[in-house]
There are 2 protein chains.
Amino acid sequence: MDEFIDNKMIFKKYKIKNTEQRNIVLDILKREKKPLTAEEIFMKARKKDKNINLSTIYRTINIFVSKGIAIKLNIERENKSMFQLNMIDHQHYIRCISCNKKISIDICPIIGYEYFLEENTDFHIIGHNLELYGYCSKCKDKKQ
Amino acid sequence: MDEFIDNKMIFKKYKIKNTEQRNIVLDILKREKKPLTAEEIFMKARKKDKNINLSTIYRTINIFVSKGIAIKLNIERENKSMFQLNMIDHQHYIRCISCNKKISIDICPIIGYEYFLEENTDFHIIGHNLELYGYCSKCKDKKQ
DNA sequence: GTCCATGCAAAGGCTTTGCATTATA
DNA sequence: TATAATGCAAAGCCTTTGCATGGAC
C-alpha cells in the first residue's frame, strides 16, 4: 500500500488512527477534484473494499471535517452534504436554481478575506463554503 | 390585514397566489434579521394561525427560494437548512466548528463579485451562500 | 492488552409527497 | 368555476447511533 505513505503523516499530524478505511476515503478525496456526497464516496470506496460500510464513510468524513482535513459543503439543492479536501486551490460554482446546471468560477474571492479575518478576529479560520446561484441563460429566457 | 399590503405586490410580481399562510411566512422572514429553520418559522407562524402545517411552511419557503424571494442557507452544522429573505443587507458569520459559537462579520466580500460575474457570465445571479468556519479562541486553546 | 474504529442494523430527524378539502383569482 | 394551495398523514431519504466484533498502537 505504497499510496498510503503520506496519508500516514496526515493521520499522525491530526492524531487519529491509521486505518485502511480512512486511507481509502482520503485517497478518494485526493483523487477527485469536485465535491462528493457520502454516497458517492461510499460507491468508490466499495471498489477497494467490498465490506466497507456507509456508516464508516460518515464517521470518517466527520472526523476529517472536524480536523480540517476536509470541508463539508451544503451547497446542493438536494438536502445532502458534499465533501472535499480542504485545499488551497479549491473551486466555487454558480448554480442554476432552475435546471441545476453548474459552471465553475476561477477566482475565489474569499481566500484573501480569510487572512484579513484571521488577523482581525480571534478565530482560527480553517475554511469556508461559498455558493453563488441564479438562473443560467436558458432558464433566464424561459422565464419570460 | 394592513401589514400584508406590500406582500401583495411581491406575490403579484412573482405570479404566485396571495394566501394567508404565505403572508404569515413572508412577514416572519421580513421581521427577523437572522436565518431561521423551517421549524422556527413554523413555531412563529403557529402564533398567527393555529392550524398552519409544517408542510405548508416547507412548500412556501421552497417557492420563495425558487423565485429568489428568500435564500436557502445550508450553513449549519446540523443537517437542516435555514432560510432568510434575499436582501441586499444580509450578514455572514464565522462559526466555531467545535462549540458552534458564531460571530457576525460586517463586510460581505461577495456582493461586488456578483456584479463582476453578472457581466462576465451569462448567469443572472440572485444570491449567494457564504459561511466561514474555524475554531474560536476558547476552542483553539483547548486543542493544545 | 487497551482503546479506538468498524460493520451491521435500527433509529432519528429533516423534508417531501399523495390525496381529499379548501381557498384564490 | 377552474385551478392552485393547504392540512393531514405517511413515506422518503440522509445521517447518526448502540452494540458486538475486530484492528491499531
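So that the names make sense, note that chain A is the first sequence line, chain B the second, and so on, each numbered from 1.
For H128(A) and H92(A), the ring centers are positioned less than 6.0 Å apart.
Checking E39(B) against R22(A), the closest nucleotide of DNA chain C that is more toward the 5' end is the one next to R22(A). Mapping D49(B) and N53(A) onto DNA chain D by nearest heavy atom places D49(B) at the nucleotide closer to the 5' end.
Qualifying side-chain hydrogen bond (donor to acceptor under 3.5 Å, both in side chains) partners for N53(A), counting only residues two or more places apart in sequence or in other chains: S55(A). The side-chain contact (heavy atoms from CB on, under 4.5 Å) search around I63(A) returns I16(A), R22(A), K67(A), not counting sequence neighbours. Shown here are the side-chain contact (heavy atoms from CB on, under 4.5 Å) partners of E40(B), two or more places apart in sequence or in another chain: L36(B), T37(B), M82(B).
Nearest heavy-atom pair, F123(A) versus C96(B), reported as atom, atom and distance to 0.1 Å: CE2-N, 3.5 Å. In this structure, I28(A) and A45(A) approach most closely via the heavy-atom pair CD1-N, 3.5 Å.
Of the candidates dA5(C), dG18(C), dT16(D), the closest approach to any side-chain atom of R59(B) belongs to dG18(C). Side-chain proximity of T56(A) to the nucleotides dC14(C), dC8(D), dT6(C) is greatest for dT6(C).
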Inset, instruction - Starting at the 5' end of nucleotides 20-25 of chain C, put B wherever the base has a protein heavy atom under 4.0 Å, S where only the sugar-phosphate does, and a dash everywhere else. - result: ----BS

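Using five terminal pairs a side, the axes of the helix from dG1(C)-dC25(D) to dA25(C)-dT1(D) at its two ends make an angle of 50°, given in steps of 10 degrees.
Within the structure, every side-chain polar atom (N or O) of Q21(A) is placed at least 4.0 Å from both OP1 and OP2 of dG23(D). Of the side-chain N and O atoms in Y58(A), none sit less than 4.0 angstrom from OP1 or OP2 of dT16(D). Regarding contacts with the backbone of dT16(C), a side-chain N or O of N62(B) is found under 4.0 angstrom from either OP1 or OP2.
Following rounding to the nearest Å, L54(A) (CG) and dA10(C) (C1') show an atom-to-atom distance of 14 Å. A straight line from CD1 of I52(A) to C1' of dT6(C) spans 9 Å, rounded to a whole angstrom.
Side-chain polar atoms of N23(A) and N18(A) form a donor-acceptor pair below 3.5 angstrom.
With contacts defined as side-chain heavy-atom distances shorter than 4.5 Å, the pair D6(B)/I10(B) does not qualify.
Using a distance-only test at 3.5 Å, with no hydrogens or angles considered, no donor-acceptor pair links the side chain of R95(B) to the main chain of E131(B).
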